[in-house]
Amino acid sequence: MQIPLPVRAPTWVSTRRLLEQKLSDIFKCTDLKQLKQLHAVIYKHDLQADLYFAPKLITGFSLCRQMALAVNVFKQVQEPNVHLYNSLIRAYVHNSQPSGAFCALFVMQYRGLWPDNFTYALLLKACCGMSELRLARMIHAQVEKLGFLADIVVPNSLIDSYCKCGLLGVGEARKLFTVMGERDIVSWNTMIGGLVKANELIEARRLFDEMPDRDTVSWNTMLDGYSKAGEMDTAFELFQKMAGRNIVSWTTVIYGFCKAGEMEMARILFDNMPAKNTVCWTTIICGYAEKGLAKDALSLFEKMEDTGFKLDDGIIISILSACGESGLLGLGRRLHASIQRTGYKCSTHVGNALVDMYAKCGSLNRALTIFNGMANKDLVSWNSMIQGLAMHGYGEKALKLFYRMKQEGFAPDRVTFIGVLCACTHAGFVDKGIHYFNAMETEYGVLQEIEHYGCVIDLLGRGGRLEEAFRLVRSMPMEPNAIIWGSLVVACRMHNASEYAKEVLHHLIKLEPTDASHFSILSSIHAAEGDWNSVASVRMQMKSTGTQKPSGASSIELDDQVHEFTVLDKSHPKSDSIYEVIDGLSLHLKPVGYFPKATAEVLS
DNA sequence: TTAGGGTTAG
C-alpha cells in the first residue's frame with residue numbers, strides 16, 4: 001500500500017525556514033530594496049501578519065526610515081501582542097517620533113494589554129527625544145509601582161531620560177543613581193554623560209575617578225566633556241593615558257581641537273588615525289569650513305571622495321551647515337554637484353540643508369529652485385526659505401511664502417514667526433510686524449517668547465519708534481537679555497538717541513562685562529559728545545576687567561579662499577589696488593549723496 | 001551608555 005506523501009506542508013515549512021533565515025540576516029540591514037522584496041515574498045505566502053515576521057519587518061522598515069510601511073505591517077496583524085507593540089514603539093522612537101510611541105502605548109492599554117519592562121525602557125527613550133521632565137517623572141512613578149526598577153535596563157534608561165531634561169533632570173538622575181541598589185558600567189557611564197552634557201565637568205570627573213571599572217565609553221565620555229569645554233590640555237592628557245582608544249576617542253579629540261581652532265593639531269591626529277569613518281571625515285572638513293579655510297575643507301572633501309567614502313545625510317547636512325555659517329558657497333556647490341552626480345536620494349533634511357546653505361550664501365535663486373523642487377516639504381523647509389528671503393531683505397516675498405505655507409496646510413510655529421517678524425524688520429513693515437506679533441498667540445496659538453520680543457523691539461527700534469520699543473521692554477513678561485539690549489543699542493545709534501543708548505549700554509555691560517564692543521560703543525558716544533572724562537573712565541573700566549577691543553572684520557570668498565579685512569587694514573597683498581577701487585567707488589558715491597561715516601568709534 | 005548633523009532676532 002502506498003502511503004500518501006504530504007506535498008504542501010514540507011514546501012511551506014522549508015519556505016518559512018528559508019524566510020526566517022533570510023529575515024534574521026536582513027532585519028539589521030538598511031537596504032530598502034532587499035527588504036521590500038522580502039516583504040513581497042512574505043506577503044505571497046500570507047505571512048505578513050505572522051507574529052514572527054511582522055516585528056522583524058517593522059524593525060527593518062523603521063531602520064530604513066519608512067514609518068508608513070512599518071505602520072502598515074502593524075495594521076495587518078489582527079491581534080497584536082505586547083512584543084509587536086514594542087516593535088512599533090521601538091520604530092517610532094528610532095524615527096524620532098515620540099508622540100507616535102506614546103499613542104501606541106495608549107492604544108495598547110486600551111486594548112487591555114499590559115506594557116512590560118521593555119515597553120517602559122522604550123518609552124523612556126522616547127522621553128529622551130521630548131526632553132519632558134514631567135513625563136519622565138510620571139514613568140518613573142509607574143515603573144516603581146510595577147516593580148520594573150528591578151530590571152537594571154529600566155533605571156538606566158530613566159537616568160538617561162532625566163539627564164536629557166536639563167539641569168533639574170540631572171538632579172533627579174543623580175538622586176536615582178545614588179539610591180540604586182545595583183549599578184552596572186552603563187549606569188555609571190550614563191550618569192557621567194549626563195553630568196558632562198550639563199557642564200558639570202568637575203562632578204563628572206569625580207564620578208569617573210570613583211568608578212569601580214572603566215571601559216572605552218567611560219573614557220570617551222570624559223574626553224567629550226573636556227573637548228566641548230575647550231579644555232584641550234586635559235582632554236589630550238586623558239587621550240594619551242587611556243587604553244583601548246577607538247575611533248570615537250580619536251574623533252572626539254579631533255573635534256575638540258577643531259573647535260579650539262587648533263587645526264594643525266586636529267590634522268596631525270586625523271592623519272594618524274588607525275582607521276577612518278564618515279564621522280571623522282565630517283568633523284575635520286567642518287572644522288576647516290567653520291574656520292573659513294575653504295581650500296583645506298575642499299581638498300579634504302575631494303580626498304574623502306577619492307578614498308571611496310560614500311555620502312550620507314550626516315556628512316551632507318554637517319558640511320552644508322558649516323558652509324552656510326562661513327559663507328563658503330564654493331564648497332557648498334561642490335557638495336551639491338556630488339549629490340547630483342552620484343544620484344544620492346535627497347531626504348527632506350538634506351533638501352532643507354541645501355536651501356539653508358544657498359540662502360545663507362546669498363544665492364537665493366538656487367535656494368528657491370531647490371525649495372520649489374522639494375517633493376516632501378516640512379515645516380523646516382518653509383521656515384528656512386522664509387528666513388532666507390527675510391534675511392536678504394525680500395520681506396514681501398517672505399510674507400507671500402508665509403501665506404502660501406498656510407494655504408498648503410502647514411501650521412506656523414515659533415521659528416516661522418521669527419522669520420516673519422524678521423521679514424517685516426528688513427522690509428520696514430513696522431505695523432505689519434506688530435500685527436503678526438499680536439496675532440501669533442491669539443490666531444495661531446504660538447507662544448510669544450523672548451526671541452519674538454527681540455524681533456519686535458528690533459522692528460520698532462529700527463523704525464525709529466524708540467519710545468514704544470522701550471515700553472515693550474519694560475512690559476515684557478521675562479527679563480530682557482543681552483540680545484534685546486543689543487538691538488536697542490543699534491536702534492539708538494541709528495536714530496542718534498545717545499541718552500537712551502547710555503542707559504542701554506549700562507544694562508549690557510552688567511550682563512556681558514567681558515564684551516569689549518559695549519565699552520567701545522559707550523566710549524564713542526561720550527567722545528562724540530566731547531565728554532572726554534567719561535571716555536577715560538570707560539577705558540579705565542575696560543582695562544580693569546582685562547577687556548580688549550576686538551577689531552571688526554569683513555570677509556569675502558574668492559576662488560575658495562576667504563579674505564578677511566579689518567579697518568585701515570593694509571596687510572592684504574593686493575591692498576593697494578583694493579584701496580584704489582574703494583577710492584574710485586567713493587568718487588562715484590559722493591555726487592549721489594553718500595558720504596563715508598568716520599566717527600570717533602571707527603577711528604578709535 | 002561614547003564622536004559629526006537641518007530652520008531661531010543683532
Side-chain angles (χ1 to χ4, degrees), chain A residues 125 128 153 156-157 159-160 163 184-194 196-197 214-225 227-228 246-256 258-259 277-287 290 312-322 324 347-357 359-360 378-388 390-391 413-426 433 449-459 461-462 481-491 493 508 517:
Chain A
K125 285 224 169 60
C128 288
V153 176
N156 282 353
S157 306
I159 292 179
D160 199 21
C163 283
D184 63 4
I185 202 155
V186 177
S187 333
W188 284 90
N189 288 345
T190 313
M191 191 63 244
I192 294 173
V196 161
K197 292 254 150 46
R214 297 174 198 109
D215 62 3
T216 307
V217 175
S218 334
W219 286 90
N220 289 349
T221 307
M222 280 318 296
L223 283 184
D224 183 47
S227 290
K228 294 231 163 87
N246 64 9
I247 198 157
V248 177
S249 334
W250 286 86
T251 312
T252 308
V253 180
I254 291 172
Y255 177 83
C258 286
K259 285 283 145 160
N277 64 8
T278 54
V279 179
C280 64
W281 277 102
T282 311
T283 306
I284 187 102
I285 294 171
C286 287
E290 276 160 22
D312 64 39
D313 273 24
I315 306 176
I316 299 173
I317 294 169
S318 314
I319 300 182
L320 287 177
S321 150
S347 62
T348 303
H349 287 197
V350 169
N352 294 343
L354 277 168
V355 169
D356 178 55
M357 182 278 292
K360 285 213 177 108
D378 65 5
L379 192 58
V380 177
S381 328
W382 291 94
N383 288 349
S384 307
M385 199 61 245
I386 291 175
Q387 182 63 44
M391 212 163 42
D413 70 347
R414 50 189 301 280
V415 181
T416 318
F417 279 103
I418 291 174
V420 167
L421 294 173
C422 176
C424 294
T425 306
H426 289 284
E449 285 169 83
I450 193 153
E451 292 87 349
H452 304 108
Y453 276 95
C455 294
V456 180
I457 288 159
D458 192 34
L459 178 81
R462 279 173 194 267
N481 60 13
I483 296 166
I484 304 260
W485 293 122
S487 62
L488 279 175
V489 171
V490 175
R493 291 169 75 196
L508 263 176
S517 60

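What you see is a predicted model, and the numbers here were worked out from it, not measured in a lab. Reminder, nothing fancy here: chain letters follow the sequence lines and each chain counts from 1.
- Boundaries of the chain A contact region on DNA chain B are B/dT1 to B/dG10, first to last in 5' to 3' order (nucleotide atom under 4.0 Å from a heavy atom).
- A search for side-chain hydrogen bond (donor to acceptor under 3.5 Å, both in side chains) contacts involving A/Lys259 returns A/Glu290, not counting sequence neighbours.
- Looking at heavy-atom distances under 4.0 Å, A/Glu451 makes contact with a base.
- Remark: A/Asp458 engages A/Arg462 in a side-chain hydrogen bond (donor to acceptor under 3.5 Å, both in side chains) (not counting sequence neighbours).
- In this structure, A/Ile450 reaches the bases: a heavy-atom distance under 4.0 Å links it to at least one base atom across the strands shown.
- Across all strands, A/Thr251 comes closer than 4.0 Å to base atoms (heavy-atom distances).
- In this structure, the ring pair (Phe, Tyr, Trp, His ring centres under 6.0 Å) partners of A/Trp188, at least two apart in sequence or on a different chain, are A/Phe177.
- With contacts defined as side-chain heavy-atom distances shorter than 4.5 Å, the pair A/Ser157/A/Val153 qualifies.
- With sequence neighbours left out, A/Val279 forms a side chain to side chain contact (heavy atoms under 4.5 Å, CB included) with A/Thr251, A/Asn277, A/Thr283.
- Residues forming a side chain to side chain contact (heavy atoms under 4.5 Å, CB included) with A/Thr221 (at least two apart in sequence, or on another chain): A/Ile192, A/Val196, A/Val217.
- Within the nucleic acid shown, A/Gly193 has no heavy atom closer than 4.0 Å to any nucleic acid atom.
- Listed in residue order, the members of residues 482-490 of chain A having a heavy atom less than 4.0 Å from DNA chain B are A/Ile483, A/Val490.
- Looking at heavy-atom distances under 4.0 Å, A/Thr282 makes contact with a base.
- The residue A/Lys197 sits close only to the backbone: its heavy atoms come under 4.0 Å of sugar-phosphate atoms, none of a base.
- As judged by a 4.0 angstrom heavy-atom cut-off over every strand, A/Asn277 is placed among the base-contacting residues.
- With sequence neighbours excluded, the residues satisfying ring pair (Phe, Tyr, Trp, His ring centres under 6.0 Å) with A/Phe417 are A/Phe402, A/Tyr444.
- Looking at heavy-atom distances under 4.0 Å, A/Asp160 makes contact with sugar-phosphate atoms alone, never a base.
- As judged by a 4.0 angstrom heavy-atom cut-off over every strand, A/Asp313 is placed among the base-contacting residues.
- Between the side chains of A/Asp378 and A/Thr348, no donor-acceptor pair is found at a separation under 3.5 Å.
- Partners of A/Thr278 according to the side chain to side chain contact (heavy atoms under 4.5 Å, CB included) rule, which considers only residues two or more places apart in sequence or in another chain, are A/Phe309, A/Asp312, A/Ile315.
- Residue A/Ile315 is in base contact, counting any heavy-atom pair closer than 4.0 Å across all strands shown.
- At a threshold of 4.0 angstrom between heavy atoms, the contacts of A/Arg214 with the nucleic acid are absent.
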